[in-house]
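Worth saying up front: this structure is predicted, and the values here are computed from it rather than measured.
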Amino acid sequence: QVQLVESGGGLVQAGGSLRLSCAASESSIRFNFMGWYRQAPGRQRELVARISSGGNTYYVESVEGRFTISRDNTKNTVDLQMNSLKPVDTGVYYCNAFPASFSWGQGTQVTVSS
């Protein structure tokens, strides 16, 4: 079973940037669509960005133009560069396949202060 470890979260002021990273335990993820998901306080987990095995990307409207998802299939990593952060971006961020099919990792907390 693929294990996923997210890192890079933290506390940042509105307008700031963070770069999240997801490390997978197996190289087989290179065949999967991979996504970053967010769970805001009191809300369900939602997809914010995904990337195909070939590098095609999709973003939800609320992060389009601010977030960039990327992957390195040689390192089994998927990153999320987040710029111009807003308080509404606060939440726990997770990576997983898209659709989600692996066990969830512990996630990484992102807190954006106003």
Check: Pairs in or reaching into residues 54-65: which pass side-chain hydrogen bond (donor to acceptor under 3.5 Å, both in side chains), with residues at least two apart or in two chains?
Finding: none
Notebook entry, point to check: Looking only at heavy atoms, which two atoms of G8 and T108 are closest? And how far apart?
Noted result: N-OG1, 3.9 Å
Margin query: On a heavy-atom basis, which atom in P41 and which in G91 lie closest, and how many Å separate them?
Written below: CD-CA, 4.5 Å
Check: Just checking, R45 and Y37: is the charged tip under 6.0 Å from the six-membered ring centre and within 45° of the axis?
Finding: no
Item checked: Considering all heavy atoms, the nearest R71-N32 contact -> NH1-O, 2.8 Å
Notebook entry, point to check: Can you find a heavy atom in the side chain of L85 that is under 4.5 Å from one in the side chain of F67?
Noted result: yes
Note to self: On a heavy-atom basis, which atom in L47 and which in G35 lie closest, and how many Å separate them?
What the structure shows: CD1-CA, 4.1 Å
Margin query: Between S113 and V12, is there a side-chain heavy-atom distance shorter than 4.5 Å?
Written below: no
Next item on the list: Would you indicate whether the side-chain heavy atoms of F102 and Q3 approach each other to under 4.5 Å?
Entry: no
Next item on the list: Using modelled atom types only, decide if a donor and an acceptor are shared between the side chain of R30 and the backbone of S27 within a distance under 3.5 Å.
Entry: yes
Next item on the list: Locate the shortest heavy-atom distance separating A24 from L4; write the atom from each residue and the value.
Entry: CB-CD2, 3.8 Å
Notebook entry, point to check: Are the side chain of E6 and the backbone of C95 linked by a donor-acceptor contact shorter than 3.5 Å?
Noted result: yes
Next item on the list: Using the test side-chain contact (heavy atoms from CB on, under 4.5 Å), find all partners of Q44 that sit at least two apart in sequence or belong to another chain.
Entry: none
Check: Do W36 and V5 sit in the same hydrophobic cluster, where Ile, Leu, Val, Met, Phe, Trp and Tyr count as joined when their side-chain heavy atoms come under 4.5 Å apart?
Finding: no
Next item on the list: Identify the heavy atoms of V110 and G9 that sit nearest to each other, and give their distance.
Entry: CG2-CA, 4.1 Å
Item checked: Student check: side-chain heavy atoms of T68 and L80 closer than 4.5 Å -> no
Check: Nearest 0.5 Å, what's the OG-CE distance between S70 and M34?
Finding: 12.0 Å
Check: Can you check side chain to side chain contact (heavy atoms under 4.5 Å, CB included) on F33 and S53, steps first, answer last?
Finding: CA-CA 6 Å; F33 276 69; S53 58; 5.7 Å; no
Item checked: Pair listing, side-chain hydrogen bond (donor to acceptor under 3.5 Å, both in side chains) test, anchored in residues 74-93, at least two apart -> S17-N83, R19-D79, R19-Q81, S21-D79, R38-D89, R38-Y93, R66-D89, D72-T74, Q81-N83
